[in-house]
Amino acid sequence: MTAAAPSPSVALLAERTLPLALEVLSTRYAYATFAILFAIGLYMMIASPNLVKKIIGLNLFQSAIFLFFVAMAYVRGGSVPVIPTEGGAVGEYASPLPQVIVLTAIVVGVSLTAVALALIVRLYTEYGTLNEATIREVMDE
Amino acid sequence: MSNPELALLVAVPILASTLPIVGGLKFDSIGWPVAALAALVEAALAVVVARRVATEGRYVHSLGNYPREYGIELVADGFSAVVVLLIAVVTLAVLGYARRDGPRSNPFYTAYLLLCGGLMGIGLTGDVFNMFVFLEIVGLATYALVATDRSGRSALAALKYLIVGTAGASMYLVGVGFAFVATGTLNMAELATAIPDTVGYTDPLVVASFAFVAVGLSVKAAIFPLHTWMPDAYAESPDTVTAYISALVSTLGAYALARLVYSVYTPAFFEAVPLAGDALVAFATTSIVAGSVLAVIQPDVKRMLAYSSVAQFGMIVAAFGLGTEQALLGGVIHLVGHGLMKAGLFLAVGVIASAYGVRTVREYANLGYRSPVTAAAMGLSLLGLVGIPPSVGFLGKWYIAWGAIEAGAPVVAGVVLFSTLLTLLYVARLLETLYFRPPEAVEGAVPGSDARLLSDGGDGREAGSAGTDEPTAADEPTAGASETPPTEARPVPFEAVFVVAALSIAAVALGFAGPVFEGFLDPFLEAVL
């Protein structure tokens with residue numbers, strides 16, 4: 001395989017997609033971050049042999065989803081979604097529903113983390129290691 | 001619209017779940033009575049709901065009387081009523097078993113009731129985000145229950161389930177988020193009309209949302225290749241827990257998938273995006289084959305039954321993906337039938353394990369004559385799993401195969417039949433061991449070639465000599481891994497045997513209830529198809 005100059009079609013492709021990619025990065029960076037964090041979290045959960053790091057990956061994965069929900073509720077220049085007591089219009093405001101969802105999801109995530117860490121503590125006291133492969137080895141013996 | 005029985009179905013077990021812990025400060029064994037009381041209330045409420053659904057069809061309860069655009073609705077229709085009844089029955093049955101066979105600790109019953117409440121919530125909610133919350137409540141309670149026996153093995157199984165299950169539920173949440181961005185609502189009925197009205201079915205956002213939801217819920221329903229948590233979780237948890245979660249947890253995962261597919265995306269979505277339905281059916285069909293093949297090669301009975309569940313859920317989800325009336329009906333029937341049969345089977349495994357301490361297929365040799373009632377009940381449920389005619393297993397498979405041919409997918413019908421053969425293979429192996437294999441040939445089996453029958457409820461006095469295994473055991477390739485059998489069988493409580501027998505008889509009796517199912521589910525089928 002010779003390192004030839006990119007063929008015209010590749011150049012064309014780059015020419016077309018690059019502006020799009022730049023636009024996404026500059027205006028939709030929250031969603032791009034969501035996708036990246038989501039993938040990193042998933043990878044950590046699968047690839048790391050360390051149980052605690054798996055749980056950190058799980059938390060990253062969930063935080064990515066929280067970011068997604070908060071980002072979609074955000075309105076540029078909007079106010080907090082609290083209606084003044086004297087009534088009247090508040091103009092544009094951020095959507096409250098996704099924020100409530102995130103609050104609930106955070107609570108769920110915290111309880112999951114607590115249960116996971118409790119299980120890990122039990123595994124550590126029993127096997128003296130956090131490495132999943134080692135634990136399985138000891139188990140099979 | 002206020003129909004408080006729907007809210008009570010969810011609230012009663014969740015509120016009652018606090019009592020065993022609080023009461024545990026003062027009383028030692030308050031868990032079981034509290035759980036039994038709550039389960040009886042649940043059963044009564046479930047019957048009330050089912051009767052109302054039978055007479056007046058679908059009805060809703062708006063929590064806090066908020067309109068459904070902002071509030072959360074609980075919905076009872078034919079499908080959810082069937083599932084709610086299943087939960088109530090299995091909750092009672094497993095409690096009947098747990099009365100004597102434990103676990104006895106109060107926190108166990110807290111998790112048990114929490115799980116029951118979460119399952120009821122999944123069955124009744126009409127809001128996609130609320131469904132996520134209930135999925136996670138069910139998940140949390142299940143992870144705790146799997147690790148009940150405090151061993152390292154069960155902790156690792158529970159942790160694996162936690163990581164995989166949470167990833168699945170989070171995927172589902174992403175799917176819900178996409179659907180919310182597309183339509184601005186979270187109510188299922190609103191979504192069903194808002195998706196075609198605002199963005200259309202082929203919008204990338206809607207398709208991506210379906211993909212995330214389907215993958216997330218497939219984890220919960222243990223569809224191959226997302227099933228890996230299931231055998232570990234089933235095999236390592238205590239028998240009481242295995243019976244409960246195998247009958248209900250994945251069942252409600254499959255229910256959630258069907259509910260989302262039919263009440264949110266609707267069959268019109270499958271027509272607009274044929275790939276979505278085809279992919280679902282393809283994965284489910286693979287799951288049927290993979291689960292059956294893996295079940296055949298398992299030496300451990302609980303693992304064998306767990307892989308069998310992977311196959312059965314593949315069949316159920318394939319039926320949901322096909323989307324014809326017969327297939328959907330078959331899927332619902334098989335969901336109920338599988339739940340009852342698996343609860344009975346795992347409880348029978350529990351009875352045998354607590355009496356003789358044996359857990360592998362080989363060690364079951366000749367137990368058919370030592371525990372005639374349990375073994376007969378186990379045999380009935382196993383034959384039902386194969387799909388021998390007068391059983392509910394046959395009814396479900398029959399409708400699914402019929403629906404597959406109707407939907408123009410003869411491959412699925414062929415796979416259902418093929419998996420029946422494979423099921424027969426592992427079922428026949430177990431039945432043959434139970435009734436026709438002399439125990440002397442198997443190292444680790446319970447000896448007892450003498451003709452004396454041991455009644456299940458009686459006290460197990462060992463009459464045979466334990467030293468009969470010396471010449472033949474050498475040719476058996478067990479490699480001496482099995483431990484020496486307990487020389488004295490422990491007596492089995494009457495309740496446990498009764499529950500096992502009742503569940504297997506119920507599974508057979510439901511085989512005659514085809515027209516009942518059809519009549520009960522007809523309004524639901526007409527509404528969604």
Side-chain angles (χ1 to χ4, degrees), chain A residues 31 34-35 38 41-42 44-46 48 51-52 54-55 57-73 95-98 100-102 104-105 107-130 132 135-136 138-140, chain B residues 69-72 111 114 127-130 132-147 149-178 180-182 184-187 205 208 212 216 228 232 236:
Chain A
Y31 297 106
F34 152 66
F38 190 82
L42 202 58
M44 271 176 85
M45 267 191 278
I46 297 166
S48 174
L51 292 174
V52 173
K54 272 185 197 290
I55 301 305
L58 187 68
N59 282 328
L60 196 62
F61 181 78
Q62 290 187 314
S63 306
I65 299 171
F66 305 156
L67 174 66
F68 168 68
F69 272 90
V70 172
M72 85 181 166
S95 171
L97 193 54
V100 175
I101 288 178
V102 170
T104 316
V107 174
V108 170
V110 168
S111 6
L112 278 167
T113 311
V115 173
L117 292 177
L119 291 172
I120 290 175
V121 167
R122 194 193 292 175
L123 282 170
Y124 187 77
T125 45
E126 182 129 352
Y127 298 102
T129 173
L130 291 173
E132 195 194 353
I135 292 178
R136 284 197 188 278
V138 176
M139 255 182 204
D140 291 340
Chain B
E69 288 82 0
Y70 328 111
I72 293 170
L114 203 56
D127 180 282
V128 284
F129 178 71
N130 198 228
F132 165 78
V133 176
F134 282 124
L135 278 173
E136 290 289 44
I137 291 177
V138 166
L140 273 171
T142 315
Y143 312 143
L145 283 176
V146 168
D149 69 354
R150 312 206 147 266
S151 71
R153 300 185 76 91
S154 65
L156 191 65
L159 190 65
K160 183 175 179 184
Y161 185 13
L162 187 148
I163 292 173
V164 179
T166 309
S170 304
M171 294 258 187
Y172 170 79
L173 184 59
V174 175
V176 167
F178 283 7
F180 179 73
V181 171
T185 178
L186 290 169
N187 183 282
L205 211 50
F212 272 109
T228 51
D232 281 353
E236 306 300 346

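So you know, we letter chains A, B, ... as the sequences are listed, proteins then strands, and number each from 1.
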Please look at I135(A) and chain B and tell me whether the side chain, the backbone, both or neither of the residue comes under 4.5 angstrom of a heavy atom of that chain.
side chain
Of the backbone (N, CA, C, O) and the side chain (C-beta and beyond), which part of L58(A) lies under 4.5 Å from a heavy atom of chain B, both, or neither?
side chain
Heavy-atom distance under 4.5 Å to chain A: side chain of F178(B), backbone, both or neither?
both
In terms of heavy-atom proximity below 4.5 Å to chain B, should I65(A) be classed as side chain, backbone, both, or neither?
side chain
Atom group of I46(A) that falls short of 4.5 Å from chain B, counting heavy atoms
neither
Residues two or more places apart in sequence or in another chain: which of them pass salt bridge (Lys or Arg N to Asp or Glu O under 4.0 Å) with E132(A)?
K54(A), R136(A)
Between F38(A) and Y31(A) (judged by ring centroids, cut-off 6.0 Å), do the two rings come close enough to count as a pair?
no
Under 4.5 Å heavy-atom distance to chain B, tell me which part of M139(A) shows up: side chain, backbone, both or neither.
both
So which residue, V115(A), L42(A), V138(A), ends up with the most heavy-atom pairs under 4.5 Å with chain B?
V115(A)
Among A147(B), A144(B), S151(B), which residue forms the greatest number of heavy-atom pairs with chain A at distances under 4.5 Å?
A147(B)
Does S48(A) reach the main-chain N or O of M44(A) with its side chain, forming a donor-acceptor pair under 3.5 Å?
no
Residue selection (most heavy-atom pairs with chain A, distance under 4.5 Å) from V181(B), T166(B), V176(B), L186(B):
T166(B)
Side chain to side chain contact (heavy atoms under 4.5 Å, CB included), that's the test. Do I55(A) and L51(A) meet it? Break it down for me.
CA-CA 6 Å; I55(A) 301 305; L51(A) 292 174; 5.8 Å; no
Aromatic ring centroids of Y172(B) and F212(B) under 6.0 Å?
no
R153(B) meets the salt bridge (Lys or Arg N to Asp or Glu O under 4.0 Å) criterion, sequence neighbours left out, with E236(B)
Using side chain to side chain contact (heavy atoms under 4.5 Å, CB included), reason through V128(B) and N187(B) one step at a time and then give a plain yes or no.
CA-CA 6 Å; V128(B) 284; N187(B) 183 282; over 6 Å; no
